[in-house]
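Heads up, the thing below is written out as structure tokens.
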Amino acid sequence: ATFADAYVKTLAAFRHEGDPDGDAAVEGLGEWLSFFAGCTVRACRDASEFERRLEALRQSWLDAVDGKPTWGVVAVADEMAGRPLFTSPQMVEATGLTPPTVNDAIRRLEAAGAVRQVNTGKRSRAFEAQGVIDLFTGFERTLASIADDTEMAKPSRPVPFPAEGQ
């Protein structure tokens, strides 16, 4: 949807009526393939950059843990990147670790500032992996702008509001 006008224009050129081997048909096909390839390259670049930032965030969580991170802490941190909101039972299921191991890992990650409890209940406590939702928001805003920055070029579609300080 970011390049909707160019998409429609090149698709219309590709759907040429007439001689399929004529100059207009070949040119339309070339325009469409060029547009599609450019979008594919951008999508790969953006996805790689997002993955790099997510891995850097995960590493910052592990670096902030007091002492050497246990294998339980590493396993929970690995899962947090893909599930920014979670409960202890969900993390037990995702990691295959025991409830005490998961709860200890969550406690250590919470003390490091990597996790924040988002409800006040004693049972079924929910946690948020700090920074992941902000990364997703930034990623979505990047994809919505032809300049990769919604402050430089207005979004071409609705986007989430940036996190405070971004």
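Counting non-hydrogen atoms of neighbouring residues, nucleotides and ligands closer than 6.0 angstrom, the CG atom of Asp63 exceeds 12 such neighbours. Under a cut-off of 6.0 angstrom, the local environment of CD in Gln59 is crowded, with over 12 non-hydrogen atoms contributed by other residues, nucleotides or ligands. Within 6.0 Å of CD on Glu110 lie more than 12 heavy atoms contributed by other residues, nucleotides or ligands. The local environment of CG in Asp23 is sparse, with at most 12 non-hydrogen atoms from other residues, nucleotides or ligands closer than 6.0 Å.
At distances below 3.5 Å, at least one donor-acceptor pair connects side-chain atoms of Trp61 with backbone N or O atoms of Gln130. Formation of a donor-acceptor pair under 3.5 Å by the Gln90 side chain with backbone atoms of Thr87 is found in this model. Formation of a donor-acceptor pair under 3.5 Å by the Ser34 side chain with backbone atoms of Gly30 is not found in this model. The closest donor-acceptor contact from the side chain of Thr40 to the backbone of Phe36 lies under 3.5 Å.
Taken from CD in Glu51 to CZ in Phe139, the straight-line distance is 10.5 Å, to the nearest 0.5 Å. In this structure, Arg125 CZ and Asn119 CG are separated by 8.5 Å, a value rounded to the nearest 0.5 Å. To the nearest 0.5 Å, atoms CG (Asn103) and CE (Met91) are separated by 11.0 Å. Between the CZ atom in Phe127 and the CG atom in Leu85 there is a gap of 11.5 Å [rounded to 0.5 Å]. A distance of 15.0 Å separates CZ in Arg83 from CD in Glu128, rounded to the nearest 0.5 Å.
Closest approach of Ala64 and Ala112 over heavy atoms only: O-CB, 3.4 Å. Taking all atoms of both residues into account, the shortest heavy-atom contact from Glu79 to Ala94 is OE1-CB, 3.6 Å. In plain terms, the two heavy atoms of Thr101 and Gly72 that are nearest each other are CG2-CA, 4.1 Å. Nearest heavy-atom pair across Pro20 and Ala25 is O-CB, 3.4 Å. The shortest non-hydrogen separation linking Thr10 to Glu31 is CG2-O, 4.0 Å.
Two different hydrophobic clusters hold Leu109 and Ile133 under the rule that ILVMFWY side chains link at heavy-atom gaps under 4.5 Å.
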Test Glu49 against Arg53 for salt bridge (charged side-chain N to carboxylate O under 4.0 Å, His left out), laying out the working first. CA-CA 6 Å; Glu49 177 61 18; Arg53 289 179 181 183; 2.8 Å; yes
Would you sort out whether Arg52 and Glu55 count as a salt bridge (charged side-chain N to carboxylate O under 4.0 Å, His left out), showing the intermediate values? CA-CA 5 Å; Arg52 185 194 65 71; Glu55 175 54 30; over 6 Å; no
Run Thr98 and Val92 through side-chain contact (heavy atoms from CB on, under 4.5 Å) and show every step you take. CA-CA 6 Å; Thr98 65; Val92 167; over 6 Å; no
May I have the step-by-step check of side-chain contact (heavy atoms from CB on, under 4.5 Å) for Ser60 and Leu57, ending in yes or no? CA-CA 5 Å; Ser60 74; Leu57 178 63; 3.8 Å; yes
Take Asp78 and Arg58, measure what salt bridge (charged side-chain N to carboxylate O under 4.0 Å, His left out) needs, and give me the verdict at the end. CA-CA 7 Å; Asp78 286 348; Arg58 180 194 153 282; 2.4 Å; yes
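Residues Asp21 and Val26 form no side-chain contact, since every pair of their non-hydrogen atoms from C-beta on lies 4.5 Å or further apart. Contact annotation: the side chain of Gln117 never approaches that of Ile106 to less than 4.5 Å [non-hydrogen atoms, C-beta and beyond]. Counting heavy atoms from C-beta on, the side chains of Val132 and Met80 never come closer than 4.5 Å.
Residue pairs satisfying the salt bridge (charged side-chain N to carboxylate O under 4.0 Å, His left out) criterion with at least one member in residues 93-105, sequence neighbours excluded, are listed as follows: Asp104-Arg107.
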